[in-house]
There are 2 protein chains.
Amino acid sequence: MGVTKIDSYSPSVLTLSEVFKALGHPARLAIVQYLIDKGTCICGDIVDELPLAQASISRHLQELKNAGIIKGQISGTSVCYCLSDAHLNAILTLINSINLSIPKSCCDDECTS
Amino acid sequence: MGVTKIDSYSPSVLTLSEVFKALGHPARLAIVQYLIDKGTCICGDIVDELPLAQASISRHLQELKNAGIIKGQISGTSVCYCLSDAHLNAILTLINSINLSIPKSCCDDECTS
DNA sequence: ATTATATATCGCAATATTACGATAAATAAT
DNA sequence: ATTATTTATCGTAATATTGCGATATATAAT
């Protein structure tokens, strides 16, 4: 995160920003959307889905787990992941359903730059 | 973002992950929460609120603007910022109202590590 | 026991982020 | 015109993130 002054923020802001940060990478968001669609996955499912090495997928899954977004259950040699919180599922489908429609220059006529 | 393979994701995943990424820093989330509370701010308001230099606050405001989360309107020597999308406000208050309750180890008894 | 399968971790290189002071730019006030 | 005031940008150093191959670990199958 660069050189963030992590001690200067409230715990709730820190926790919530960690959740957003975890969702703020396209690979991890794609994993979450896969879970919204299919319910569960194992690491290999995502390896087949995204153009990343197995080690990289595993790292992304760990980060989602650390942020509390997914949880994993060991099942034989594999680990079955799912969304850890029903609220999160609701939030994400809500966000997806909304027309975010964010043009890169939202207000060129009234903004500084 | 390190070495992300940015060409391998759908535009919607990329856009949405950029929004999350922008919210994924405590200073920027604190700015957004300030805007939810007060409606508007100028750069100096946030400089008084957070323990960061003016240059750093300005950079964070630019990033929120680039992600389409806030917009700014020039007013004299200052720039008045506000949330750019009513939906976003709704999403954020929703998220804040939900008991996210994300323990760091959500499922130690069933997880790999 | 050996081999196959699945996931996690290590070590490294490339890149991105963060923060700061200094400075530029642009309007407002005297 | 000069001086404040406010925000944006530049340059730089410190740190974090990302991705990969290689390897470790752990269960399942033969």
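- Of the possible polar contacts, one joining the B:T15 side chain to the B:P11 backbone as a donor-acceptor pair under 3.5 Å is found.
- For A:H25, the side-chain atoms get nearest to D:dG19 when compared with the rest of C:dT7, D:dA8, D:dG19.
- Closest of all the heavy-atom pairs between B:H25 and A:S17 is C-CB, 3.9 Å.
- Within 4.0 Å (heavy atoms only), A:S78 reaches sugar-phosphate atoms of the nucleic acid but no base atom.
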At under 4.0 Å between heavy atoms, how does the protein contact nucleotides 22-30 of chain D? Give one character per nucleotide, 5' to 3', with B, S or -.
B----BS--

Treat a base pair as Watson-Crick or G-U wobble with both distances under 3.5 Å, then lay out DNA chain D in dot-bracket form, 5' to 3', with | for cross-strand pairs.
||||||||||||||||||||||||||||||

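- A sub-4.0 Å separation between OP1 or OP2 of C:dA6 and a side-chain N or O of A:Y81 is absent.
- Distance A:I42 CD1 to C:dA6 C1': 7 Å, rounded to the nearest Å.
- Within the 4.0 Å cut-off from OP1 or OP2 of D:dC20, not a single side-chain nitrogen or oxygen of A:R59 is found.
- In terms of heavy-atom proximity, B:L83 sits nearest to B:K71 at O-CE, 4.4 Å.
- Taking atom CG on A:L29 and atom P on D:dT18, their separation rounds to 13 Å, with Å as the unit.
- Spacing between atom CD1 of B:I46 and atom C1' of D:dT7 amounts to 13 Å, rounded to whole angstrom units.
- Here the closest non-hydrogen pair linking A:A27 and B:Y9 is CB-OH, 3.2 Å.
- Spacing between atom CG of B:L61 and atom C1' of C:dA19 amounts to 15 Å, rounded to whole angstrom units.
- With sequence neighbours left out, B:S10 forms a side chain to side chain contact (heavy atoms under 4.5 Å, CB included) with B:S12, B:V13.
- The two atoms that bring B:Q54 and B:V47 nearest to each other are CA-CG2, 3.9 Å, heavy atoms only.
- Straight-line distance from the CD1 atom of A:I31 to the P atom of D:dT18: 11 Å, rounded to whole Å.
- Between A:H60 and the phosphate of D:dT17, there is no side-chain N or O to OP1/OP2 separation shorter than 4.0 Å.
- In terms of heavy atoms, A:A22 sits closest to A:A67 at CB-CB, 3.6 Å.
- Contact annotation for A:I57: no contact, since no heavy-atom pair falls under 4.0 Å across all strands.
- For the pair B:E63 CD and D:dT9 P, the computed distance is 12 Å after rounding to whole Å.
- Side-chain proximity of B:R28 to the nucleotides C:dT18, C:dG21, D:dT7 is greatest for C:dT18.
- A donor-acceptor distance shorter than 3.5 angstrom exists from the side chain of A:S84 to the backbone of A:G68, with no hydrogens or angles considered.
- With C:dA19, C:dA8, D:dT7 as the candidates, the nucleotide lying closest to the side chain of B:S58 is D:dT7.
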Trace of the side-chain contact (heavy atoms from CB on, under 4.5 Å) decision for A:R28 with A:L23:
CA-CA 6 Å; A:R28 293 192 291 267; A:L23 296 173; over 6 Å; no

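- Counting to the nearest Å, the C1' atom of D:dT7 and the CG atom of B:D45 are 13 Å from each other.
- Atoms CG (B:N66) and C1' (D:dA8) sit 13 Å apart, rounded to a whole Å.
- Across all their heavy atoms, B:T40 and B:C82 have their closest contact at CG2-CB, 4.2 Å.
- Taking 4.0 angstrom as the limit, A:K21 places a side-chain polar atom (N or O) nearer than this to OP1 or OP2 of D:dT17.
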